[in-house]
2 protein chains.
Amino acid sequence: MNEGQIELLRGTLDMLVLKIVALGPSHGYAIAQRLQQISKDFFQVHQGSLYPALHRLEDRGWLRAEWKESETGREAKFYSLTKKGRRQMEEEARNWDRLCDAVALVLSAQEMAS
Amino acid sequence: MNEGQIELLRGTLDMLVLKIVALGPSHGYAIAQRLQQISKDFFQVHQGSLYPALHRLEDRGWLRAEWKESETGREAKFYSLTKKGRRQMEEEARNWDRLCDAVALVLSAQEMAS
DNA sequence: TCATATATGTCGACTTCCTAGGTGTTGCGA
DNA sequence: TCGCAACACCTAGGAAGTCGACATATATGA
């Protein structure tokens, strides 16, 4: 039990969703599946996190929504990345890299000889 | 302005503080300074985050507190890592690595040719 | 004397996540 | 035909953690 992480690290979901949508327009349900698949089951996004996140990203002008027919022949809300959204994604990815570097510095720190 | 990150990624502070304390017992004020120094100014911990975090970690039995005289000759609350705290730190560091791997998978994903 | 550095703490606002619930459709097997 | 799983959307309420602002106190040096 409890494979995958306990809880999504707050603040990472937006970046991940933007990245998935950057791979090609997709609807909520499919975004969750792709995220799980690409991360080899590490990320399991709950609907109660996903849909509010999508609305948030749309409100901020990073995603654009459009009702279309899905692969299975049903109506679904397809999200695509706006220009602003692409810039945001790139910035968040850069920040993520910087964060990883900073955490790595701390985790690898040794007691100073003084 | 606004060098360093906008906001500490929620959930990372505990791991970082545990790691700093693992380098040697330290008091709150010094922990914040070391964290900033080791991360080359990336992490700037605010007092409103730090002290609640220290109390939290103590409540959970990961840190032990003791009043002592600081380097400057004042009374300060020195925190040291408990055994439970060390295990916790190691687990959080492992989870962090797994998280980084998972994020890297997503961020490096390419559009599938289908 | 007054600002700055040292040192600790609280409070309320805000964000974001989770759990738990809800709606409705389609397709499939019993 | 009945029911269940998968598909696809959504919300409400609560928990948790971070931030900004504030409060307190001492020591040092300009």
Side-chain angles (χ1 to χ4, degrees), chain A residues 2 4-18 20-21 25-37 42-60 62-63 65-79 92 95 99, chain B residues 1-2 4-18 20 25-37 42-60 62-63 65-79 92 95 99:
Chain A
N2 229 341
Q5 87 296 349
I6 319 303
E7 180 172 307
L8 250 164
L9 204 54
R10 309 211 170 188
T12 55
L13 182 57
D14 289 7
M15 175 180 71
L16 295 171
V17 167
L18 288 174
I20 296 293
V21 174
S26 187
H27 56 88
Y29 194 82
I31 290 170
Q33 286 183 317
R34 282 202 203 182
L35 196 46
Q36 181 165 352
Q37 177 209 334
F42 188 82
F43 294 119
Q44 283 157 23
V45 189
H46 302 267
Q47 300 183 329
S49 315
L50 179 66
Y51 291 108
L54 288 171
H55 300 156
R56 192 162 66 225
L57 297 175
E58 192 185 358
D59 286 345
R60 292 178 185 169
W62 299 337
L63 294 183
E66 193 184 359
W67 286 95
K68 274 197 207 168
E69 204 173 278
S70 78
E71 317 76 42
T72 62
R74 296 174 202 204
E75 284 300 293
K77 215 174 181 177
F78 279 74
Y79 290 93
E92 289 196 23
N95 284 339
L99 174 70
Chain B
M1 64 200 71
N2 227 343
Q5 87 297 352
I6 319 302
E7 179 172 308
L8 250 164
L9 208 51
R10 309 209 173 186
T12 56
L13 182 57
D14 288 7
M15 175 180 70
L16 296 171
V17 167
L18 289 175
I20 295 294
S26 187
H27 55 88
Y29 194 81
I31 290 169
Q33 286 183 318
R34 282 202 203 181
L35 196 48
Q36 181 164 352
Q37 177 208 332
F42 188 81
F43 294 120
Q44 283 156 23
V45 189
H46 302 267
Q47 303 176 329
S49 314
L50 179 66
Y51 291 108
L54 289 170
H55 301 155
R56 191 162 67 226
L57 297 175
E58 193 185 359
D59 286 346
R60 292 178 184 168
W62 299 336
L63 294 183
E66 192 183 359
W67 286 94
K68 275 198 204 168
E69 205 173 279
S70 79
E71 316 77 42
T72 63
R74 295 176 203 202
E75 283 299 294
K77 215 175 183 178
F78 279 74
Y79 290 92
E92 289 196 23
N95 284 339
L99 174 70

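Small disclaimer: the values here were computed from a predicted structure and weren't measured.
Contact annotation: A:H46 does not reach the phosphate of C:dC17 (side-chain N/O to OP1 or OP2, under 4.0 Å). Not one side-chain nitrogen or oxygen of A:T72 sits closer than 4.0 Å to the OP1 or OP2 atom of C:dT26. Contact check, B:H55 against C:dT10: a side-chain N or O comes under 4.0 Å of OP1 or OP2. Within the 4.0 Å cut-off from OP1 or OP2 of C:dT6, not a single side-chain nitrogen or oxygen of B:S70 is found. Side-chain N/O atoms of B:Y51 include one lying less than 4.0 angstrom from OP1 or OP2 on C:dT8.
A:L54 places its CG atom 14 Å from the C1' atom of D:dT11, with the value rounded to the nearest Å. A straight line from NE2 of A:H27 to C1' of C:dT25 spans 14 Å, rounded to a whole angstrom. The distance between atom CG of B:L50 and atom P of C:dA7, rounded to the nearest whole Å, is 13 Å. What separates CD of B:E66 from P of C:dT8 is a distance of 14 Å, to the nearest Å. The nearest whole Å value for the distance from the CD atom in A:Q33 to the P atom in D:dA8 is 7 Å. Rounded to whole Å, atom P of C:dT16 lies 12 Å from atom CG of A:D59. If you take CG of A:L9 and C1' of C:dT16, they are 11 Å apart, rounded to a whole angstrom. Distance, A:W67 CH2 to D:dC7 P: 17 Å, rounded to whole Å.
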- Please report the C-alpha distance between B:E7 and A:R10 in whole Å, then the side-chain angles of each, then the deciding distance to 0.1 Å, and finally whether the side-chain contact (heavy atoms from CB on, under 4.5 Å) criterion is met. CA-CA 11 Å; B:E7 179 172 308; A:R10 309 211 170 188; over 6 Å; no

- Query: Which is it for B:E92 and B:W62 under the side-chain contact (heavy atoms from CB on, under 4.5 Å) test, yes or no, and what are the steps along the way?
  - Reply: CA-CA 12 Å; B:E92 289 196 23; B:W62 299 336; 4.3 Å; yes

- Test side-chain contact (heavy atoms from CB on, under 4.5 Å) applied to B:D14 and B:R56, step by step: CA-CA 9 Å; B:D14 288 7; B:R56 191 162 67 226; 2.8 Å; yes

- Would you check, one step at a time, whether the test side-chain contact (heavy atoms from CB on, under 4.5 Å) holds for A:L99 with B:F42? CA-CA 8 Å; A:L99 174 70; B:F42 188 81; 3.7 Å; yes

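Using a 4.0 Å heavy-atom criterion, one finds that B:G28 contacts the sugar-phosphate atoms exclusively. At a threshold of 4.0 angstrom between heavy atoms, the contacts of A:E69 with the nucleic acid are absent. Using a 4.0 Å heavy-atom distance criterion, A:G11 is classed as a sugar-phosphate-only contact.
Side-chain N/O atoms of B:R10 and base N/O atoms of C:dT15 include a donor-acceptor pair closer than 3.5 Å. Between the side chain of A:Q47 and the base of D:dC10 there is at least one donor-acceptor pair of N/O atoms closer than 3.5 Å.
Annotation for B:L9 and A:G11: closest pair CD1-CA, 4.2 Å, computed over non-hydrogen atoms.
Taking only side-chain atoms of B:L13, from C-beta outward, the nucleotide of C:dG9, C:dT16, D:dT18 with the closest atom is D:dT18. When distances are taken from the side chain of B:L8 to each of D:dC19, D:dT11, D:dG17, the shortest belongs to D:dC19. For A:Y29, the side-chain atoms get nearest to D:dC7 when compared with the rest of C:dC17, D:dC7, D:dC10. The side chain of A:R74 lies closest to D:dA6 when the candidates are C:dT16, D:dA6, C:dA5.
In this pair, B:H55 and B:Y51 present their aromatic rings tilted. The plane angle is within the 30 to 60° band.
Sequence order on DNA chain C of the closest nucleotides to A:A53 and A:G73 puts A:A53 first from the 5' end. Taking for each of A:E71 and B:S49 the nucleotide of DNA chain D with the nearest heavy atom, the 5'-most of the two is the partner of A:E71.
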